[in-house]
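Small disclaimer: the values here were computed from a predicted structure and weren't measured. To find a chain, count down the sequence lines: A is the first, B the second, and so on, and within it residues start at 1. FYI, side chains are in, hydrogens and waters are out, and symmetry mates aren't considered; it's all heavy atoms of this structure.
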Amino acid sequence: MANSKLRVRFAPSPTGQLHLGGARTALFNWLFAKHHNGSFLVRIEDTDTLRSKDKFTEQICQSMKWLGLDWDDELIFQSKRTDLYLAAIQTLLESGQAYRCFASKDELDSYRSKDGSFFYPEIWRNRSENEIQAKLDNKSPFTIRLKTPKEGIVSFSDEIYGSIKVDNSEIDDFIIARSDGRPVYNLVVVVDDHDMEISHIIRGEDHVANTLKQIYIYEALNYSIPIFAHLPMILGADKKRLSKRHGATGVQTYQDLGYTSDVLLNHLALLGWNPGTEQDIFSVDDIIAQFDIKRVQKKSAVFNIQKLNWISAQHIMILPSNSIYNHIKQLNPSWGSNFDTPYVLNVINLLKQRSKTIVDFIDSSHYFFNNPNQFDKKTMRKCWKPDTTTQIIESLLIELNRLSEWNSTSIEGIIKKYAEENKILIGKIIQPTRLAISGVSGGPSLFSIMELLGMKVCISRLNYAINHFPIIESDNNGS
RNA sequence: GGUCCGUUCGUCUAGUGGUUAGGACUCCAGGUUUUCAUCCUGGCAACAGGAGUUCGAUUCUCCUACGGACUACCA
């Protein structure tokens, strides 16, 4: 159902790269917008001048683009909208819903240490005009606080958590403008969300307390209150809120690690949401079609890398090879660059089933492009016996040289025949051959590898092996 | 400390006033396979605890415990 009035936003602070938690918040906003045909905006909350950096804005945008979370309209920067905030503060001041507080930080600290309460003692809540004017004449610095109601309750109906209510007496007269005049977060957010005509505010559960405060501002400014949905947190393995301490938490990191954006989105979506079916591999379109904010979990979820790996492997298995090729080239533009496309696609086909990430393709494909220059030591010790193996491979080489047609079937035929005739276990031939051809002990079908590599390359690698194997490290027992 | 929120296998979760509480990941055991992986079969493993409502609670209510978030002149 089309709904052009539905507008959501993602509002990151540019104080670091886009992390998993932020990406999940962005994703759920984006999914909600896409599902309902609404708009998705991005607002950069860069009013913390000390910590905000342009490079982080760029990196966040880059990660969003990589994820495919495209936004509508231009980016909105809070740092450029100060006038709007100051006007709102002025309105509040004039209507008597906000007031100047001349208490110094030290003064407030002493109150706090005295009664152990963090609550603002409301010492400037009801002062006479004269007192205030005297301070003003004195050029005393002041903050501006919201005059919040003290009786009754504040409440709102959360799309995910249901009804949340708190006693008004629990919330103190919080600051909306600093003593240097700069507006504070809770005020700014409300003004922006109203100005941007945001209909649904979807953000992390850590904002629930802010929501209550913001409702006061909405009411004081006579704004209509949007619908709120608070998302459960994403946790690390220790069940603490995901942070740098948990290692890889940046979207960029996962990109570098070789996960595709679809994979990350699939996993992130499942952290706190599911369609109620047993499906767990989704395309982005699947998720958009099935997404329902009402089915979002209340409970926070632990980020699990093993599930991510499995999802990644599943995606790779169904991804077309040319698409995988593009992903690989994004990570490593020179990969396979000296080989023609059909060859490279064949390499991908062979590796597909045993690759969990895009990086796996890169890591396990060297021998398709170069002669191996390292050989797995353990396998060398295990499968290449100085005299016998060399002899076997030598005679096999003669057979292979005679092959008129070079393909996996004919190669397999030759090797099997040779094994049978000489009463050798086929593994005794295949293992050393694989080592000579690829340098490693595992991988795709040896016959397929050989077919793809071509006769010349295989013969030359086997010749090398005959002349140099076994390569034994001098510093170990060699058994 | 206060306020708010949460609690189904180790993890992600489905689910219902009466179910053998289901699936997925991980792990384990088999099978397939030249290897690795895939794949197939099987297995381990959960309703935090206590009251109450009820013929019957994992499901509804309350309490406790535990966990988390918030509690700035940060955002």
Side-chain angles (χ1 to χ4, degrees), chain A residues 11-15 45-52 78 101 103-105 108 116-120 141-145 158 160-162 164-167 169-172 174-186 188-189 204-213 230 232-233 235 237 239-241 267 270-281 295 297-311 313-314 317 351-356 360 364 379 383 412 415-416 419 425-431 433-435 438 440-447 449:
Chain A
S13 326
T15 53
E45 306 208 323
D46 55 351
T47 53
D48 183 341
T49 45
L50 283 180
R51 293 192 303 150
S52 294
Q78 286 187 326
C101 168
S104 70
K105 210 167 180 179
L108 292 176
S117 160
F118 288 93
F119 221 72
Y120 171 64
F142 60 88
T143 58
I144 299 174
R145 291 180 182 270
D158 191 281
I160 293 162
Y161 285 92
I164 292 181
K165 41 179 161 280
V166 120
D167 221 285
S169 61
E170 296 291 340
I171 302 174
D172 66 359
F174 57 93
I175 293 175
I176 57 175
R178 302 178 176 85
S179 47
D180 64 4
R182 284 159 54 229
V184 172
Y185 174 73
N186 279 314
V188 163
V189 165
E205 191 231 73
D206 49 332
H207 282 286
V208 170
N210 285 326
T211 298
L212 269 357
K213 291 181 177 180
H230 289 90
M233 304 275 88
L235 274 23
K239 304 251 186 176
K240 301 273 188 213
R241 186 177 166 175
H267 188 238
L270 253 21
L271 242 36
W273 172 83
N274 75 80
T277 64
E278 285 178 357
Q279 179 179 0
D280 36 28
I281 299 301
R295 283 195 66 91
Q297 214 73 227
K298 290 188 177 78
K299 191 178 87 165
S300 41
V302 174
F303 184 84
N304 183 224
I305 193 83
Q306 279 159 334
K307 186 72 173 269
L308 176 69
N309 283 331
W310 178 78
I311 289 173
Q314 297 298 311
M317 275 193 268
L351 260 21
K352 221 180 200 174
Q353 218 172 31
R354 59 211 90 222
S355 297
K356 289 199 189 312
D360 283 352
S364 58
T379 312
C383 80
E412 182 172 3
I415 292 181
K416 282 197 168 150
L425 283 175
I426 196 158
K428 297 272 184 216
I429 306 172
I430 285 175
Q431 291 313 326
T433 305
R434 176 184 290 282
L435 181 67
S438 73
V440 292
S441 63
S445 154
L446 175 66
F447 315 123
I449 296 176

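Spacing of P atoms, B:rC27 relative to B:rC36, comes out at 16 Å, to the nearest Å. Rounded to whole Å, the P atom of B:rC62 lies 22 Å from the corresponding atom of B:rG67. For the P atom pair drawn from B:rU7 and B:rU61, the interatomic distance equals 12 Å after rounding to whole Å. The same atom, C1', is picked in B:rC47 and in B:rG10; the two are 16 Å apart, to the nearest Å. Look at the P atom in both B:rC66 and B:rA46: the space between them is 23 Å, to the nearest Å. The separation of B:rG1 from B:rC39, taken at their P atoms, amounts to 49 Å, rounded to a whole angstrom. Nucleotides B:rG50 and B:rU58, compared at atom P, are 10 Å apart to the nearest Å. Between the C1' atoms of B:rA24 and B:rC63, the separation comes to 35 Å (whole Å).
For B:rA14, one of the phosphate oxygens OP1 or OP2 lies less than 4.0 angstrom from a side-chain nitrogen or oxygen of A:Gln297. Residue A:Lys240 has a polar side-chain atom (N or O) positioned under 4.0 Å from OP1 or OP2 of B:rG68. Between A:Lys239 and the phosphate of B:rU11, there is a side-chain N or O to OP1/OP2 separation shorter than 4.0 Å. Contact annotation: A:Arg241 side-chain N/O to B:rC70 OP1/OP2 distance is under 4.0 Å.
When both pairing distances are held under 3.5 Å, B:rA57 makes no Watson-Crick or G-U pair with any nucleotide shown. Nucleotide B:rA24 is matched to B:rU11 when pairs are restricted to Watson-Crick or G-U wobble geometry with both distances under 3.5 angstrom. When Watson-Crick and G-U wobble pairs are counted only if both distances are under 3.5 Å, B:rC62 pairs with B:rG50. Pair assignment for B:rG30 gives B:rC40, based on Watson-Crick or G-U wobble hydrogen-bonding distances that are each under 3.5 Å. The partner of B:rC70 is B:rG2, judged by Watson-Crick or G-U wobble contacts that both fall below 3.5 Å.
Annotation: side chain of A:Ile175 is not in contact with side chain of A:Tyr120 (no heavy-atom distance under 4.5 Å). Contact of the A:Gln297 side chain with the A:Asn274 side chain is registered, since non-hydrogen atoms from C-beta on lie closer than 4.5 Å. Residues A:Leu351 and A:Pro444 have side chains in contact (heavy-atom distance under 4.5 Å, counting atoms from C-beta outward). Contact check for A:Glu170 versus A:Leu212: no side-chain heavy atoms found under the 4.5 Å cut-off.
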Checklist entry - Can you list the steps and then say if A:Asp280 with A:Leu270 is a side-chain contact (heavy atoms from CB on, under 4.5 Å)? => result CA-CA 8 Å; A:Asp280 36 28; A:Leu270 253 21; 4.2 Å; yes
Checklist entry - Given A:Arg241 and A:Asp206, is the salt bridge (Lys or Arg N to Asp or Glu O under 4.0 Å) satisfied, shown in steps? => result CA-CA 10 Å; A:Arg241 186 177 166 175; A:Asp206 49 332; 3.0 Å; yes
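In this structure a side-chain-to-backbone donor-acceptor pair under 3.5 Å is missing from A:Ser13 to A:Thr15. A:Arg295 contributes no side-chain N or O that, together with a main-chain N or O of A:Trp273, makes up a donor-acceptor pair within less than 3.5 Å. Of the possible polar contacts, one joining the A:Asp158 side chain to the A:His230 backbone as a donor-acceptor pair under 3.5 Å is found.
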Next on the checklist: Counting primed atoms plus P, OP1 and OP2 as sugar-phosphate and everything else as base, spell out the protein contacts along nucleotides 25-39 of chain B at 4.0 Å heavy-atom distance: B, S or - for each nucleotide, 5' to 3'.
Outcome noted: SS-------BBBBSS
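Across all strands shown, A:His207 has heavy atoms under 4.0 Å from base atoms, whether or not it also approaches the sugar-phosphate. Residue-level contact check: A:Leu271 touches the backbone only, with heavy atoms under 4.0 Å from sugar-phosphate atoms and none from bases. Backbone-only engagement by A:Gly272 is indicated by non-hydrogen atom pairs under 4.0 Å involving sugar-phosphate atoms exclusively. Across all strands shown, A:Tyr161 has heavy atoms under 4.0 Å from sugar-phosphate atoms exclusively, and none from any base.
If you take CG of A:Asp167 and P of B:rC4, they are 8 Å apart, rounded to a whole angstrom. Rounded to whole Å, the distance from NE2 on A:His267 to P on B:rU11 is 14 Å. To the nearest angstrom, C1' of B:rC73 lies 10 Å from CG of A:Leu108. Note: NZ (A:Lys299) to P (B:rC5) measures 18 Å, nearest angstrom. In this structure, the OH atom of A:Tyr185 is 12 Å from the P atom of B:rC70, given to the nearest Å. As a whole-Å value, the separation of A:Lys298 NZ from B:rU13 P is 13 Å. What separates CG of A:Asp172 from P of B:rU71 is a distance of 11 Å, to the nearest Å. Whole-Å rounding puts the A:Leu212 CG to B:rG2 C1' distance at 14 Å.
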Identify the pairs formed between an N or O of the protein and an N or O of nucleotides 62-65 of chain B at a distance under 3.5 Å, and give each distance.
none

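Among the nucleotides B:rA75, B:rG6, B:rA69, the one closest to the side chain of A:Asn210 is B:rA75. Across B:rA75, B:rC70, B:rC12, the shortest atom-to-atom separation from the side chain of A:Val302 is found for B:rC12. Among the nucleotides B:rC73, B:rG23, B:rA75, the one closest to any side-chain atom of A:Glu278 is B:rG23.
Around atom NZ of A:Lys428, no more than 12 heavy atoms belonging to other residues, nucleotides or ligands sit under 6.0 Å away.
Residue A:Asp206 is the one, among A:Asp206 and A:Gln78, whose nearest nucleotide of RNA chain B lies closer to the 5' end (criterion: closest heavy atom). Toward the 5′ end of RNA chain B lies the nearest nucleotide of A:Val166, the other residue of the pair A:Ala177 and A:Val166 mapping further downstream.
Summarising the geometry of A:Arg182 relative to A:Thr49, their closest heavy-atom pair is NH2-OG1, 4.2 Å, with the distance given to 0.1 Å. The two atoms that bring A:Ile449 and A:Arg434 nearest to each other are CD1-NH1, 3.9 Å, heavy atoms only.
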